[in-house]
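To start, the structure itself, in structure tokens.
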Amino acid sequence: MGRGISLEEWREQNGYKEKYNEGNSFKIVEEKKTKYVGNTPLKRNNNIEKSKNKVVKAPSMKVNNNFRNNSYNKNMKSPTTPYNFVPLNDVVLHPPLYEYVKDYTDNKDMQKGYKEFLLDGKKYSGYCEVDIENITPLYIGGADKKFFSDGENLCIPGSSLRGCLKNLFKVITNGTMRIDKDNPDITDKILYFRNLAGKKVDPTKQLYSNRFTYDKTYKDKDGNLKTKKASIAKAGFLVREGKQYYICRADLKVQKGDNWKVNPKNPYIYWHNEGADIFTGRMNNKKHYYQIKSPVWKDKYLIPDNVLNGYRDDKNRKGLDLLKVENPKKGTDREKFLRGAEKFDYIVPCFYVEENGIVSHFGAGPYYRIPYRESIGDHVSKDLKEAQIDFADAIFGNKECWSSRVFVEDCYLDSDKSALEKQDYAKILMGPNPTSFQFYLMPDSKKNPQHWDSSANIRGYKFYWHKKMRWQGDKNDNENMNNLIAPVKPNNHFKGKIRFENLDAVELGAFMYLFGIAEEKDICYKLGMGKSIGLGSIKLTGKFYFRDDTYYKKLFATDKKDFAKCLIEVDKQKFIEEFKIYLKSKLSPESLVSYQQRINSLKAILSIKYMMSANSEKWNSMTRYMEIGNKEDRNIVTSRTPLPTIEEVIQGLK
């Protein structure tokens with residue numbers, strides 16, 4: 001396993017004890033004559049068929065509820081990550097515009113209400129002069145992975161700054177958390193999991209067993225009846241007819257074999273006259289491989305699009321990708337077992353579960369990764385997901401009804417000196433890995449981790465800790481993982497403007513609050529790429545100006561040597577107080593307490609004082625990705641120890 005792979009990712013990929021080869025490639029070997037003779041297959045098809053009804057039984061959510069109450073976990077250290085979460089709000093704060101549009105569902109009516117709002121009461125227009133100082137190296141990718149520019153000058157694109165500000169704006173204004181096809185706040189993706197050899201403290205071990213296995217009765221060599229867990233998956237062939245995928249049922253033989261055959265370096269499919277053998281790759285103590293034969297081509301089970309898409313989107317699956325097998329067995333081949341399959345242009349062996357002729361899920365081996373029943377979006381309260389107008393909709397735009405009233409321009413580097421660091425390979429950047437549910441979901445009151453089929457809510461908005469560290473890494477053998485970059489050196493300044501049109505006092509105060517927080521001592525925002533490796537800490541300041549009453553009447557200045565600016569500098573604090581008064585009038589006392597706690601958490605994770613302190617080395621250690629080669633780290637992850645809160649991380653430093 002190469003450098004840069006996070007332990008949480010490794011754990012999900014490898015089921016704790018399974019050790020797959022890094023490569024995903026596999027080979028197809030064709031042989032006209034079978035070489036497998038003399039092996040007596042285990043008889044399991046009938047038992048699997050009888051267990052079909054098990055797939056629709058939901059396991060009890062109360063199973064093993066207090067599993068963490070043991071001495072091993074009482075002494076367990078906390079996991080470390082370069083990120084943490086600001087909790088979600090309990091309610092949505094509606095902007096003043098909401099009162100004008102709340103009774104409408106038709107877009108034209110909402111547009112009418114929006115126009116009434118603009119004409120009712122005083123509105124403000126002007127711009128903010130923005131200054132951005134990068135406290136740590138800053139990298140925003142442009143053409144050919146060079147720092148973003150307009151062709152001549154280095155700059156921060158307005159879209160990047162807008163995204164940063166809008167995300168923070170959602171937090172400070174108690175925004176919605178929508179599942180929206182065009183502009184989602186959170187994905188509705190369904191994740192996949194497998195847990196064969198995990199520790200008992202992992203709640204998915206019991207969940208996987210309940211949902212995907214049954215008790216199989218068999219006789220041992222002495223004739224005694226015994227039971228063991230066996231997969232409910234059946235064997236078949238995944239086929240494609242036109243653009244539609246199906247699975248045709250087939251027979252299965254579980255064959256014994258030599259270790260070199262059962263545990264190949266890479267998984268592969270072996271074709272022969274009777275069917276196909278699947279070798280799923282290395283795994284400790286594996287003694288069998290799977291022979292799939294005698295397909296019934298006329299019995300086709302439909303694979304719905306959502307099942308296909310879910311399989312494609314499972315980024316943590318390793319080994320055989322059944323939808324991307326090179327040179328799959330074609331229906332035009334002349335092997336005996338393929339007679340009747342001429343209409344299929346794609347055929348690969350597989351395992352699957354179906355109900356009423358519809359495939360629920362499928363995989364390359366009998367113990368494949370299966371989907372949770374709940375999506376990520378199911379772990380957000382309905383109050384935050386329902387259709388309603390929030391502050392972000394009001395000022396950043398509602399696609400169907402009105403456009404944005406905030407316009408973020410590019411911010412240009414304010415320096416003539418050489419501002420770029422020496423080009424080098426960046427450390428490998430890990431993407432989000434929500435399969436590590438103990439990090440992304442709220443634990444219960446006893447600090448027990450909750451999986452994605454529990455009723456737990458997500459932890460909240462994800463932010464990265466500030467830290468100073470080397471961003472440079474080593475060149476990786478996998479060229480696709482190499483990222484050769486040259487960030488802007490620390491303590492450079494970018495300058496630009498943010499224009500705003502027709503904001504009322506409360507909306508403007510909410511927007512100014514973004515700058516009010518940013519200008520507090522030790523507070524920095526994060527921008528650009530490489531946040532987890534210390535890049536992108538920025539100090540944001542802004543001066544606000546209003547257009548005065550002569551803006552459209554006066555072209556030249558008094559001396560007529562220049563254009564008239566017709567601008568008035570504004571005290572931000574006055575409007576920020578307007579927003580805070582509005583906030584207090586709309587939220588209940590309980591929600592106000594929750595709001596202030598969230599703002600405190602936000603400021604804590606935005607603070608740079610920890611990375612600037614004498615304990616900066618300890619801080620970097622406390623906010624790192626855990627390593628697969630570290631036994632203690634591995635124990636923390638395999639025990640599913642929940643992520644500490646922002647406050648708990650800071651307390652650990654003290």
Side-chain angles (χ1 to χ4, degrees), residues 83-84 86 126-138 140 155-175 391-392 395-396 406-414 461-468 488 490-500 503 506-528 531 534-545 569-580 583 595-596 598-612 646 650:
Y83 57 83
N84 212 294
V86 174
Y127 67 81
C128 171
E129 285 185 347
V130 175
D131 182 278
I132 297 173
E133 180 186 7
N134 61 309
I135 306 302
T136 63
L138 172 68
I140 298 175
C155 62
I156 296 171
S159 57
S160 294
L161 181 57
R162 175 188 168 92
C164 167
L165 295 179
K166 186 176 180 181
N167 186 52
L168 286 157
F169 192 73
K170 297 277 282 190
V171 177
I172 68 173
T173 58
N174 272 19
F391 268 83
I395 79 165
F396 284 98
V406 173
F407 311 92
V408 185
E409 299 178 359
D410 295 345
C411 295
Y412 287 87
L413 180 66
D414 186 32
Y461 291 89
K462 186 176 183 180
F463 288 90
Y464 285 87
W465 295 105
H466 295 292
K467 52 186 179 178
K468 284 190 173 182
V488 169
N491 307 120
N492 276 284
H493 289 258
F494 293 81
K495 296 184 182 296
K497 289 182 180 179
I498 299 176
R499 295 183 293 108
F500 53 90
L503 299 183
V506 173
E507 293 173 330
L508 185 58
F511 186 66
M512 286 179 171
Y513 193 29
L514 281 173
F515 290 83
I517 292 176
E519 291 169 7
E520 290 184 18
K521 183 181 179 182
D522 295 328
I523 296 295
C524 282
Y525 292 163
K526 279 275 196 178
L527 189 65
K531 298 179 180 71
L535 300 182
S537 298
I538 62 165
K539 186 65 179 177
L540 175 71
T541 58
K543 291 183 179 180
F544 281 78
Y545 298 88
E569 188 170 352
V570 184
D571 178 12
K572 293 192 289 289
Q573 196 56 41
K574 173 186 173 182
F575 288 90
I576 291 172
E577 288 303 319
E578 287 273 358
F579 169 67
K580 290 183 176 180
L583 187 78
Y595 177 83
Q596 191 55 54
R598 293 175 60 250
I599 295 299
N600 291 341
S601 293
L602 176 65
K603 290 181 179 180
I605 200 168
L606 295 177
S607 176
I608 62 171
K609 66 182 180 181
Y610 311 110
M611 80 171 185
M612 305 295 286
I646 291 172
I650 293 172

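Computed over heavy atoms, backbone and side chain alike; hydrogens, waters and symmetry mates excluded. Numbering starts at 1 and runs along the sequence shown.
Distance CG/D414 to SG/C155: 13.5 Å, rounded to 0.5 Å. One finds the CG atom of N84 at 5.0 Å from the CD1 atom of I646 (value rounded to the nearest 0.5 Å). Taking CH2 of W465 as the start and CG of L606 as the end, the distance is 9.5 Å to the nearest 0.5 Å. In this structure, the separation between CG on L540 and CD1 on I517 is 11.5 Å, given to the nearest 0.5 Å. The distance from atom NZ of K467 to atom CG of L535, rounded to the nearest 0.5 Å, is 11.0 Å. Taken from CD1 in I608 to OG1 in T136, the straight-line distance is 9.5 Å, to the nearest 0.5 Å.
Ring orientation note: the planes of Y513 and F579 are tilted relative to one another, at an angle of 30° to 60°.
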task = Start with the C-alpha distance between L602 and L168, add both sets of side-chain angles, then the distance that settles side-chain contact (heavy atoms from CB on, under 4.5 Å), and finish with yes or no.
result = CA-CA 9 Å; L602 176 65; L168 286 157; 4.0 Å; yes
message = Could you go through S537 and K526, starting from their C-alpha distance and side-chain angles, then the distance that decides it, and tell me whether this counts as side-chain contact (heavy atoms from CB on, under 4.5 Å)?
response = CA-CA 5 Å; S537 298; K526 279 275 196 178; 3.7 Å; yes
task = For salt bridge (charged side-chain N to carboxylate O under 4.0 Å, His left out), just list the numbers for E409 and R499, CA-CA rounded to whole Å, side-chain angles, deciding distance to a tenth of an Å, and then say yes or no.
result = CA-CA 8 Å; E409 299 178 359; R499 295 183 293 108; 3.2 Å; yes
ask   = Taking it one step at a time, do F463 and N167 satisfy side-chain contact (heavy atoms from CB on, under 4.5 Å)?
value = CA-CA 10 Å; F463 288 90; N167 186 52; 3.9 Å; yes
query = Stepwise, does the ring pair (Phe, Tyr, Trp, His ring centres under 6.0 Å) test hold for F511 with F500?
reply = CA-CA 10 Å; F511 186 66; F500 53 90; 7.2 Å; no
task = Take F391 and V506 through the side-chain contact (heavy atoms from CB on, under 4.5 Å) test and state the conclusion after the steps.
result = CA-CA 10 Å; F391 268 83; V506 173; 3.8 Å; yes
request  = May I have the step-by-step check of ring pair (Phe, Tyr, Trp, His ring centres under 6.0 Å) for F544 and F515, ending in yes or no?
outcome  = CA-CA 10 Å; F544 281 78; F515 290 83; 5.3 Å; yes
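Annotation for L138 and G536: closest pair CD1-CA, 3.9 Å, computed over non-hydrogen atoms. Contact between Y525 and C164 at its shortest, heavy atoms only, is CB-SG, 4.3 Å. Across A510 and T173, no two heavy atoms sit closer than the pair CB-CG2, 4.0 Å. Pairing each heavy atom of I605 with each of H466, the nearest pair is O-CD2, 3.8 Å. The minimum heavy-atom distance between K572 and M512, with the atom names listed, is CA-SD, 3.7 Å. In plain terms, the two heavy atoms of K539 and E520 that are nearest each other are NZ-O, 2.7 Å.
Other residues, nucleotides and ligands contribute more than 12 heavy atoms inside 6.0 Å of the NZ atom of K495. Residue K468 qualifies as open at atom NZ: its count of foreign heavy atoms under 6.0 Å is 12 or below.
Side-chain atoms of N134 come within 3.5 Å of backbone atoms of N492 as a donor-acceptor pair (strictly under, hydrogens ignored). At least one donor-acceptor pair under 3.5 Å links the side chain of D410 to the backbone N or O of G158. No side-chain donor-acceptor contact under 3.5 Å links K609 to the backbone of K521. Side chain of Y595 to backbone of I172: a donor-acceptor contact under 3.5 angstrom is found. Although no hydrogens or angles enter the test, the distance criterion places a donor-acceptor pair under 3.5 Å between the side chain of E519 and the main chain of G542.
The closest side-chain heavy-atom distance from I132 to L161 is below 4.5 Å. At least one side-chain heavy atom of I498 sits less than 4.5 Å from a side-chain heavy atom of L165. Put simply, the side chain of I395 reaches to within 4.5 Å of the side chain of F169, judged on heavy atoms.
Among the candidates Q596, R598, K603, the single residue satisfying the side chain to side chain donor-acceptor pair (under 3.5 Å) test with N600 is Q596.
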